[in-house]
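Let me begin by presenting the structure, written as structure tokens, before commenting on it.
Just follow the structure's listing: the first ligand is 1, and inside any ligand the first atom is 1. FYI, side chains are in, hydrogens and waters are out, and symmetry mates aren't considered; it's all heavy atoms of this structure.
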Amino acid sequence: MSQILICGGGVGGLVTAHRLRRWLPATDQIIVFDQQSTHTFSPSLPWVMTGTRTADQVTRPLQALRERGITVVDGVISAMDPVARTVSVGNQTWQGDVLVIALGAALDPGSIPGLIEGGDNVYTLSGAEQAFEHLQTMDRGRVVVLISRTPFKCPAAPYEVAMLVDGYLKKKRRRKSVEVEVWAAEAAPMGVAGQVVSQSVVAALTQRDISYHPNEVVTEVDVSARTLNFQSGRTTPYDLLLYVPPHRVPNIVSDVGLASPDGWIAVDRHTLETRHPNVFAIGDVTGIPLAMGKPLPKAGVFAHAQGEVVARIISHRLSGENGADTFNGHGECFIEMGSGVAGFARGNFYAEPSPAVRTFRSGRHWHAAKVAFERHWWSQWW
Ligand SMILES: Cc1cc2nc3c(=O)[nH]c(=O)nc-3n(C[C@H](O)[C@H](O)[C@H](O)COP(=O)(O)OP(=O)(O)OC[C@H]3O[C@@H](n4cnc5c(N)ncnc54)[C@H](O)[C@@H]3O)c2cc1C
């Protein structure tokens, strides 16, 4: 009997656990550890922000995985040993034949003075709910969408937030009295996907009269003056601040010495195995350099694909079969643009010398496809 320990029940951990349950004998133990009792489908958070989804619609209890034969341990991982392949929660420790680290990126809004007090963190469920409350009463002034630092997960999400706010305000006939701006600590939207993708996002913002301020790194939020101060010396006022917080590797990963100098876990880019045998890392917690010099973006689509690959590798290894499954860097992404319209991009991020990504003309069908994907997510795993 084998025991597989999966740290994190987010996108990557969930996919790995389900696939292993299907492919391994029932006598093998699959244990998922998570500090949260619910799984949140983050791609739906921008819809929570505009009131088209409620918290209940975008979350499910992780303990429900028990019905599928997966053990769930609800608690903060307090210790992890990649050499002994052990995981501890409180005073209990588990030892595994294989360890999968899918702990995602930790959010660190407290590292920028005034950010928590001054704005709504649209990268959390509670922040998205708070943003919706604020949007409902916003009838004049300025909404600032802030990308505080790079890297951040889902490179499209903050731009979706800005365009969904635009669509919401138009529907409420308040858009003419509310300015919408994006201030970003990056040179261009979705830059790793290439210039064509960046330009199409900037064009979509311009078309909606959303002003875009790239290369602006915020230093502090002056809550009493309601202004943002940037490294460049520029300052901008805001009435409603919707922010993407700084991301960092979870403490437990750096505590056990698994973080590489770039701050994330280094893995084999095809097998996702770390330098420790039978210890894999997938999703946002990894740092995978691309030939173009930037890392693979942090996105659920990659965590999902990597979970599938790692589960296949593990099941082959445990059964002694030869298997050649590898992660190939392919990914795709919807970009919600408000008013029931979305765009879509798809490509190979491992292409050299730079990712080969194609954009598709935006339309209502891509929005419908994202809604269908959301439905599929819940029906497939719950
Ligand atoms: C607003 C928003 C919109 C998005 N939209 C998209 C999209 O349209 N398409 C897309 O591809 N991606 C999207 N993403 C990104 C996507 O959600 C992430 O890239 C994906 O969830 C990463 O999966 P993961 O398994 O690596 O980490 P996560 O899904 O973040 O899971 C990590 C898990 O580890 C747990 N954990 C962390 N530390 C500990 C600890 N010490 N002890 C116990 N448990 C711990 C966490 O509670 C969490 O459940 C979006 C993200 C956001 C915020």
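Between H39 and W382, a ring centre-to-centre spacing shorter than 6.0 Å is recorded. For Y123 and H247, the ring centers are positioned less than 6.0 Å apart.
Once rounded to the nearest 0.5 Å, the distance linking CD of Q207 with OG of S362 reads 7.5 Å.
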Dump all N/O pairs between ligand 1 and the protein below 3.5 Å as a table: atom names plus distance, one pair per row.
| residue | atom | partner | partner atom | Å |
| --- | --- | --- | --- | --- |
| ligand 1 | 11 (O) | G300 | N | 2.9 |
| ligand 1 | 11 (O) | V301 | N | 2.8 |
| ligand 1 | 12 (N) | G300 | N | 2.9 |
| ligand 1 | 19 (O) | D284 | OD1 | 3.0 |
| ligand 1 | 19 (O) | D284 | OD2 | 3.0 |
| ligand 1 | 19 (O) | G300 | N | 3.0 |
| ligand 1 | 25 (O) | V11 | N | 3.4 |
| ligand 1 | 25 (O) | G12 | N | 2.8 |
| ligand 1 | 26 (O) | D284 | N | 2.8 |
| ligand 1 | 29 (O) | V11 | N | 3.1 |
| ligand 1 | 42 (N) | I77 | N | 2.8 |
| ligand 1 | 44 (N) | Q35 | N | 3.0 |
| ligand 1 | 47 (O) | D34 | OD1 | 2.7 |
| ligand 1 | 47 (O) | Q35 | NE2 | 3.3 |
| ligand 1 | 49 (O) | D34 | OD1 | 3.3 |
| ligand 1 | 49 (O) | D34 | OD2 | 2.6 |

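Enclosure of atom CD in E321 by more than 12 non-hydrogen atoms of other residues, nucleotides or ligands within 6.0 angstrom is indicated. Counting non-hydrogen atoms of neighbouring residues, nucleotides and ligands closer than 6.0 angstrom, the CZ atom of R174 exceeds 12 such neighbours.
For the residue pair T326 and N328, no side-chain donor N or O sits within less than 3.5 Å of a side-chain acceptor on the partner.
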